[in-house]
Protein chains: 2
Amino acid sequence: MKKTRFSSPKYFKLSKKQNANEILEDYVEAIEEISKDKKDVKNIDLSKYFGVSKATINKNIKRLIKAKLVTSEKYKSIHLTSNGKTLALDSNVRHEIVFKFLRKIGVPKKIAEEDSEGMEHHISSYTLKIMKSLI
Amino acid sequence: MKKTRFSSPKYFKLSKKQNANEILEDYVEAIEEISKDKKDVKNIDLSKYFGVSKATINKNIKRLIKAKLVTSEKYKSIHLTSNGKTLALDSNVRHEIVFKFLRKIGVPKKIAEEDSEGMEHHISSYTLKIMKSLI
DNA sequence: CATAAAAGTTAGCCTAGGCTAATATATTTA
DNA sequence: TAAATATATTAGCCTAGGCTAACTTTTATG
Ligand SMILES: [Mn+2]
Ligand SMILES: [Mn+2]
Ligand SMILES: [Mn+2]
Ligand SMILES: [Mn+2]
């Protein structure tokens with residue numbers, strides 16, 4: 001197939017950066033989601049949610065603390081900071097729009113859930129606005 | 001925004017796996033592209049193409065060799081294996097469809113180039129088929 | 001309330017994917 | 001062709017994000 005687009009180191013670097021943001025966005029979204037049902041959000045909840053070991057969650061939560069997205073003391077519940085809360089809500093809106101857009105163009109539910117989980121981190125606000133208008 | 005989708009550890013793991021495939025797909029696509037203009041594809045070409053150091057390219061090419069996507073001897077040109085060639089062509093087709101679909105729904109060229117660089121690795125063949133039919 | 005079970009933490013291991021600096025080989029050019 | 005320049009490789013460093021195993025703390029239960 002003929003290539004109709006240009007590539008640039010900037011595009012590759014952007015995509016890598018979005019991949020790095022993925023874990024932050026997915027974690028705050030998960031924390032927000034879990035806290036709707038439970039008073040406390042613990043390590044073990046996230047471990048089940050993501051299907052990774054509690055040691056991994058422990059390490060990743062430290063990164064979120066460093067990124068000022070959550071607060072947590074040893075053995076205590078995890079709480080979103082206001083930055084974290086904002087990122088959680090924005091990420092959820094983005095994820096919902098991508099998911100609904102895929103459904104709209106005819107993608108089955110399961111596949112739309114799969115695809116949107118990754119795609120959501122690579123959609124500009126410009127494209128998102130268009131998708132929203134087409135839902 | 002109300003959540004209308006379900007999440008699952010499987011979806012998160014899939015997205016991470018797609019992120020890991022990203023480097024392989026982008027590299028074989030780049031090698032194929034560069035070899036259209038030049039007889040030999042060297043380390044330095046990829047270094048410029050991706051904007052990363054030649055040491056990084058050297059290390060990553062070793063991974064592609066391990067994955068049977070390319071062959072290369074010390075100080076010589078890089079060549080795609082038949083697996084590598086197939087992956088390169090498939091990846092390019094996928095990338096083109098995503099790019100053209102974005103253009104079709106009204107995304108400006110630069111933004112479509114940015115978005116498609118990441119999105120292309122997170123699109124199922126089902127969704128791809130729909131996008132193709134809508135171009 | 002003592003103990004068992006569950007959950008959290010830490011240490012140490014791994015691979016991926018970046019980097020710089022030093023060294024080795026190829027290529028160009030005076 | 002000898003020297004200078006360009007390119008390739010290697011070593012060693014870093015962070016992210018996984019894991020298991022051992023240990024600590026909290027929570028539940030007999
Ligand atoms: Mn999400
Ligand atoms: Mn996601
Ligand atoms: Mn591509
Ligand atoms: Mn790409």
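Each chain gets a letter, A, B and so on, in the order its sequence line appears, and its residues count up from 1.
To the nearest angstrom, P of D/dT27 lies 14 Å from CD1 of A/Ile44. Taking atom CD1 of residue A/Ile78 and atom P of nucleotide C/dA7, one finds them 14 Å apart after rounding to whole Å. The distance between atom CD1 of A/Ile57 and atom C1' of C/dT9, rounded to the nearest whole Å, is 14 Å. For the pair A/Asn58 CG and C/dA11 P, the computed distance is 11 Å after rounding to whole Å. When the C1' atom of C/dG8 is taken as reference, atom CG of A/Asp40 falls 14 Å away, rounded to whole Å.
Annotation: the span from B/Leu87 atom CG to B/Ile31 atom CD1 amounts to 10.0 Å, rounded to 0.5 Å. Here the CD1 atom belonging to A/Ile61 is positioned 11.5 Å from the OG1 atom belonging to A/Thr56, to the nearest 0.5 angstrom. Atoms CZ and CD, from A/Phe99 and A/Glu113 in turn, are 5.0 Å apart once rounded to the nearest 0.5 Å.
The list of side chain to side chain donor-acceptor pair (under 3.5 Å) pairs with a residue in residues 114-135 of chain A, not counting sequence neighbours, reads A/Gln18-A/His122, A/Asn19-A/His122, A/Glu25-A/His121, A/Asp26-A/His121, A/His95-A/Ser116, A/His95-A/Glu120, A/Asp115-B/Ser124, A/Asp115-B/Thr127, A/Ser124-A/Thr127, A/Ser124-B/Asp115, A/Thr127-B/Asp115.
Classified by interplanar angle (parallel below 30°, tilted 30° to 60°, perpendicular above 60°), the ring pair A/Tyr27/A/Phe50 is parallel.
Between B/Ser72 and B/Ile65 the shortest side-chain heavy-atom distance falls below 4.5 Å.
Classification of A/Glu32 and A/Lys85 as a salt-bridged pair holds, one side-chain N sitting under 4.0 Å from a carboxylate O.
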N/O to N/O distances under 3.5 Å, protein versus nucleotides 14-19 of chain C:
unit_1 : atom_1 : unit_2  : atom_2 : d
C/dG17 : OP2    : B/Arg63 : NH1    : 3.3
C/dG17 : N7     : B/Arg63 : NH2    : 3.2
C/dG18 : OP1    : A/Lys16 : NZ     : 2.4
C/dG18 : OP2    : B/Asn60 : ND2    : 3.3
C/dG18 : O6     : B/Lys59 : NZ     : 2.4
C/dC19 : OP2    : B/Ser53 : N      : 2.9
C/dC19 : OP2    : B/Ser53 : OG     : 3.0
C/dC19 : OP2    : B/Thr56 : OG1    : 2.8

Could you go through nucleotides 25-28 of chain C and list every protein N or O atom that sits under 3.5 Å from one of its N or O atoms, giving the distance for each pair?
unit_1 : atom_1 : unit_2  : atom_2 : d
C/dT25 : O4'    : B/Tyr75 : OH     : 3.4

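Applying the 6.0 Å contact sphere to NZ of A/Lys109 captures more than 12 heavy atoms from other residues, nucleotides or ligands.
The residue B/Asn43 sits close only to the backbone: its heavy atoms come under 4.0 Å of sugar-phosphate atoms, none of a base.
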